[in-house]
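What you are looking at is a predicted structure, and each value in this text was computed from that prediction instead of being measured.
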Amino acid sequence: MAESAAELSESRVLPADSPPPQPNSTGVPVHNLMPEELVAKAIAPVKKQFLRPPPTRANQNDTVKYTNERSSQQHSSTLVKEKKSKRQLKRERHQEKKSASHLCPEVAKSGDVSSCPYKDKCRFSHDLDGFKAQKPDDLEGECPFLSSEGPCPYGLACRFSGTHRDVVDVAGSTNTLRKSSEVNGLNKDVQKLLWKNKMKFPKADAKLKSLGLLGPAKSKMKVMEDKEQEGVVDSNNSHATNGNGCMKGTGDSVDESECSPCVPEENNIINDRPLKKAKSENVENCCSVEGDNAGVSVLEEDTRNNTADTQPAAKIDDILPETDGSLKTHSREKKLIDFREKLYLAPLTTVGNLPFRRVCKVLGADVTCGEMAMCTNLLQGQASEWALLRRHSSEDLFGVQICGAYPDTLARTVELIDQQCTVDFIDINMGCPIDIVVNKGAGSCLLTKPMRMKGIIEATSGTVDKPITIKVRTGYFEGKNRIDSLIADIGTWGASAVTVHGRTRQQRYSKLADWDYIYQCARKASDDLQVLGNGDIYSYLDWNKHKSDCPELASCMIARGALIKPWIFTEIKEQRHWDITSGERLNIMKDFARFGLEHWGSDKKGVETTRHFLLEWLSYTCRYIPVGLLDVIPQRLNWRPPAYSGRDDLETLMASDSAADWIRISEMLLGKVPDGFTFAPKHKSNAYDRAENG
């Protein structure tokens, strides 16, 4: 990469025309306050010799100020594009791909124009001379694929092509490094079956039928759910119900549109909408029974009910094959995973990607889990969603997390994952607070529907032999925790482990996690159900305290603590506070950049994708305050740092909450950003005091 960590940590000199790094600031004068007073105000007690006046920046949304100077022309061109028709824009995109900057991958790999099988019909450019003329200079460092036996898969398009060695390219060869190190890719034949809704799910459908969740009995379950909801509402006396017994929410509560009308039992509806008879032809490479609704979202409940009113129901016997009950796996015969004392990296949206998990594995994480994937997208064969399931060979204990609203969707998804992927366990998210998820009846919304939770856990655990774990919050509404009343049943339903995040959905991250309630849940759980705690673990002392306060806890899941300082796993294993230097932190970022180039590619697109996710990660790491700068250790997650300077220029730069400074750090590792580049953090993690930041 561009510069060595030692050089940068000793003397980091910014360009003459660059503004100085802007450290984090609480906006509160702290020079005259004692450390105890600062801690009481949730302000980090930084040693006085490192304090500095707060920055004069009006607001920290100068995120793109660094880049807007170079993108003013792009802004005007964007306004023009908005007035063009979709056909014109599509034509322009096609022409752009035909430009020299978008070289055909086959031509780039071989350097021979005749190697492209599509010839003149190829949608990419074959102009080698034009591509070389406009290609930016190579980045400093070596190609990440040099250690592989074959040639770099990006050939001339690689941003490190100058370091390539002459390797004989075998026709049809693939990159050995990536092929051997990453698994769980989506098979093209399977994807086509999912696109055409021709995938079969015999195990899932047989289990759903046995539970009464595939036929008319599902209507009964819905009536029970509605009555249960009505009973919960009456007992809480805080929310009204509509004519169907569903909750009419206000504020953060469930909206009436999220609840569908109850389905009459006499309608004889299958899956809330009729299924067609199975086709006679055999489909190869399938998971099982014909699932006409496999690739169709089952979340649009109103649509399903409307369809059911106009079409007759099909017979289950026409769809499901006979199954031998003696072949059914008993729950005690399933493979179990012992999470006890293992360091578990939580599934983290956006930042918990494969390169970041590799970084955490190097630093001591024992268990890793992929980013949350939506079941309906997986069943539709969306490649972007399946990419979330990819696993690196270094992840020796790995699971995937999925999210859905209905037992049929989740059961078919776990069957598909069980056949197509190599995973050690499957985690079901029942705690996601994001509105777009909750409004579809998934995530935290399931906390208000215990019968739905039961159906999901029983259906998924009965479909596959792999352990099924779930992740929940303490409850949906603030002050109305309810997982303790369900924890004794969750194990009997079929879950192997449950992670309890010590916050409600309504609370988000506005308060500290309620660990006393997590302990209460752990003590109520059955012996065969492992309970893990989650929330605000930021040092080895936090880990030790929770383990000693409640021996019944199997382990603790680490989320934001790992985002801010991934070396927390090393600290826990070595039982120490690591006063990590800026150079050591930069080396960790270098590892991430290298892992990212191996995963996303070393061409222009791969470099910029790696940069994007690096910047997302930097939006969290800026919250770390070095141990040597604090009067009180360890740092707490809810502490806000005052304006301070680091022990060297690089440490000061890393403490900045300005995206312009994050971009400068990315340029040390991945070269200059393209013209017109802008970035704003997806999760706005630098907004400490926003309750909705979760």
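Between G491 and L529, the shortest heavy-atom contact is N-CD2, 3.9 Å. For the residue pair E106 and P117, the shortest heavy atom distance occurs at CG-CD, 4.3 Å. When all heavy atoms are compared, the tightest approach of E415 to A204 is OE1-N, 2.8 Å. The two residues T413 and C375 come nearest to each other via the heavy atoms OG1-CB, 3.3 Å. Contact between A559 and N534 at its shortest, heavy atoms only, is CB-ND2, 4.1 Å. Nearest heavy atoms, V437 versus C403: CG1-SG, 3.7 Å.
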Review point. Going through the distances and angles, do N187 and Q420 end up as a side chain to side chain contact (heavy atoms under 4.5 Å, CB included)?
Key: CA-CA 8 Å; N187 182 281; Q420 299 299 322; 4.2 Å; yes
Exercise for review: Run the numbers on V438 and Y476 for side chain to side chain contact (heavy atoms under 4.5 Å, CB included), then give the verdict.
Suggested key: CA-CA 10 Å; V438 173; Y476 191 94; 3.5 Å; yes
Check your understanding: Stepwise, does the side chain to side chain contact (heavy atoms under 4.5 Å, CB included) test hold for L348 with R560?
Key -> CA-CA 9 Å; L348 302 163; R560 286 185 300 162; over 6 Å; no
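K203 has no carboxylate O lying under 4.0 Å from a charged side-chain N of D465, or vice versa, which leaves the two without a salt bridge. Using a cutoff of 4.0 Å between basic side-chain nitrogens and carboxylate oxygens, D427 and K471 are not scored as salt-bridged. Checked for salt-bridge contact, R390 and E182 meet the test: a charged N lies under 4.0 Å from a carboxylate O.
Applying the salt bridge (Lys or Arg N to Asp or Glu O under 4.0 Å) rule to pairs touching residues 349-360 yields R357-E395, R358-E598, sequence neighbours excluded.
With a 4.5 Å cut-off on side-chain heavy atoms, F569 and L345 count as touching. Inter-residue side-chain proximity for I457 and M430 is flagged as met; some heavy-atom pair is nearer than 4.5 Å. The shortest distance between side-chain heavy atoms of F398 and V183 does not fall below 4.5 Å. Side-chain atoms of T368 and C360, non-hydrogen and from C-beta on, never get closer than 4.5 Å to each other. Side-chain contact check for T409 versus T376: some heavy-atom pair is nearer than 4.5 Å. For the pair M557 and P347, the minimum side-chain heavy-atom distance is below 4.5 Å. The side-chain heavy atoms of I518 and L553, taken from C-beta on, include a pair separated by under 4.5 Å. Inter-residue side-chain proximity for P355 and W600 is flagged as met; some heavy-atom pair is nearer than 4.5 Å.
In this structure K361 satisfies the salt bridge (charged side-chain N to carboxylate O under 4.0 Å, His left out) test together with D396, sequence neighbours excluded. Applying the ring pair (Phe, Tyr, Trp, His ring centres under 6.0 Å) criterion to W617, with sequence neighbours excluded, gives F356, F592.
Looking only at distances, a side-chain donor or acceptor of R473 sits under 3.5 Å from a matching main-chain atom of G431. Under the 3.5 Å distance criterion, the side-chain polar atoms of Y517 are matched with a main-chain donor or acceptor of I483. In this structure a side-chain-to-backbone donor-acceptor pair under 3.5 Å is missing from D603 to Y154. Remark: the backbone N or O of K342 is paired with a side-chain donor or acceptor of S555 at under 3.5 angstrom. Formation of a donor-acceptor pair under 3.5 Å by the W386 side chain with backbone atoms of L378 is found in this model. Distance alone, capped at 3.5 Å, places no donor-acceptor pair between the Q401 side chain and the G370 backbone. Checked by atom type and distance alone, the side chain of R505 pairs as donor or acceptor with a backbone atom of P433 at under 3.5 Å. Put simply, the side chain of N429 never gets that close to the backbone of G443: no donor and acceptor are under 3.5 Å apart. T469 places no side-chain N or O within donor-acceptor distance of the main-chain N or O of V498, the cut-off being under 3.5 Å. Judged purely by atom type and a 3.5 angstrom limit, N184 uses its side chain to pair as donor or acceptor with the backbone of L389.
Atoms CD and CG, on Q530 and D338 in that order, are 5.5 Å from each other to the nearest 0.5 Å. I490 CD1 to M453 CE: the interatomic distance, rounded to the nearest 0.5 Å, is 5.0 Å. To the nearest 0.5 Å, atom CG of residue L416 and atom SG of residue C421 are 7.5 Å apart. Atom OG of S384 and atom CG of L186 lie 10.5 Å apart (nearest 0.5 Å). The line from CE of M372 to CD1 of I402 is 11.0 Å long, rounded to the nearest 0.5 Å. Rounded to the nearest 0.5 angstrom, R391 CZ and C369 SG are separated by 11.0 Å.
Only one option out of D418, D424, T460 pairs with K466 in a side chain to side chain donor-acceptor pair (under 3.5 Å); it is D418. When each of K207, R452, K454 is checked for a side-chain contact (heavy atoms from CB on, under 4.5 Å) with P407, only R452 meets the rule.
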